[in-house]
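Have a look at the structure below before the remarks.
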Amino acid sequence: DGDYTIVDSGHRDVFVHRIETSERVLLFAHSFADEYRESVCGLGVTGEMDVIVGTGGCHVEDGGVTFLLEPCEYVWLESPR
C-alpha cells in the first residue's frame, strides 16, 4: 500500500507518476515523444535515487528530479525513506 500520484511533467507526451510508502519512494517516467525530452518535476525528493529499470537518465537537485528521456524511453527510480 502507498499513496499514488500523477505528476505534472511539463510535457503532454511524458507521463510521470509516483508511489510513496512508509519505506520508500518510487518514481516512474515514460516518454511517448518522438524526440528527446527533459522533464523537471519538483517532487520534494531529498538524497539520491537509484535506477531500478530503464535506460532513461535523471538527476536530483534542490528537491526536484530532472528526467532525461530519448524517444519512447523510460526510467523507474527508487529511494528509501
Side-chain angles (χ1 to χ4, degrees):
D1 283 325
D3 295 326
Y4 178 79
T5 307
I6 296 175
V7 178
D8 181 11
S9 71
H11 298 282
R12 291 179 53 112
D13 48 12
V14 176
F15 179 59
V16 178
H17 49 123
R18 171 187 179 131
I19 297 174
E20 190 170 345
T21 70
S22 60
E23 299 168 358
R24 62 187 174 166
V25 175
L26 299 164
L27 299 175
F28 310 91
H30 307 267
S31 174
F32 299 99
D34 58 2
E35 59 189 25
Y36 176 80
R37 292 282 190 252
E38 283 190 20
S39 182
V40 180
C41 300
L43 297 168
V45 173
T46 58
E48 292 297 315
M49 302 288 299
D50 294 322
V51 175
I52 299 172
V53 68
T55 55
C58 68
H59 67 270
V60 178
E61 186 176 336
D62 297 330
V65 178
T66 301
F67 294 102
L68 313 168
L69 301 169
E70 295 294 336
C72 299
E73 195 170 46
Y74 68 95
V75 65
W76 294 5
L77 308 173
E78 175 182 36
S79 177
R81 281 271 184 208

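These figures come from a predicted structure and were not determined experimentally. The figures here come from the full heavy-atom set of this structure, side chains too, leaving out hydrogens, waters and symmetry mates.
Screening Val14, Val16, Leu27 for a side chain to side chain contact (heavy atoms under 4.5 Å, CB included) involving Val7 leaves a single residue, Val16.
Under a 4.5 Å side-chain heavy-atom criterion applied to ILVMFWY residues, the cluster that includes Leu68 comprises Tyr36 as well.
Hydrophobic clustering keeps Val60 apart from Val53 (ILVMFWY residues linked when any side-chain heavy atoms are closer than 4.5 Å, directly or through intermediates). Under the 4.5 Å side-chain contact rule for hydrophobic residues, Phe28 and Ile52 share a cluster. Note on Val40 and Met49: separate hydrophobic clusters, where clusters join Ile, Leu, Val, Met, Phe, Trp and Tyr whose side-chain heavy atoms are under 4.5 Å apart, directly or indirectly.
Of all the heavy atoms in Ser31 and Pro71, the pair that sits closest is OG-CA, 4.4 Å. The two residues His11 and Glu38 make their nearest non-hydrogen contact at NE2-O, 2.9 Å.
For Ser39 (side chain) and Ser9 (main-chain N/O), a donor-acceptor pair under 3.5 Å exists by modelled atom type.
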Criterion side chain to side chain contact (heavy atoms under 4.5 Å, CB included) on Trp76 and His30, from CA distance to verdict: CA-CA 9 Å; Trp76 294 5; His30 307 267; 3.2 Å; yes
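When the side chain to side chain contact (heavy atoms under 4.5 Å, CB included) test is applied to Val75, the partners found at least two apart in sequence or on another chain are Ala29, Val51, Phe67, Leu69, Leu77.
Within the structure, every pair that satisfies the side-chain hydrogen bond (donor to acceptor under 3.5 Å, both in side chains) test and touches residues 63-75, not counting sequence neighbours, is listed here: Thr55-Glu73.
In this structure, the separation between CD1 on Ile6 and NE2 on His17 is 8.0 Å, given to the nearest 0.5 Å. Rounded to the nearest 0.5 angstrom, His59 NE2 and Glu48 CD are separated by 11.0 Å. With values rounded to the nearest 0.5 angstrom, Leu26 atom CG is found 9.5 Å from Ser79 atom OG.
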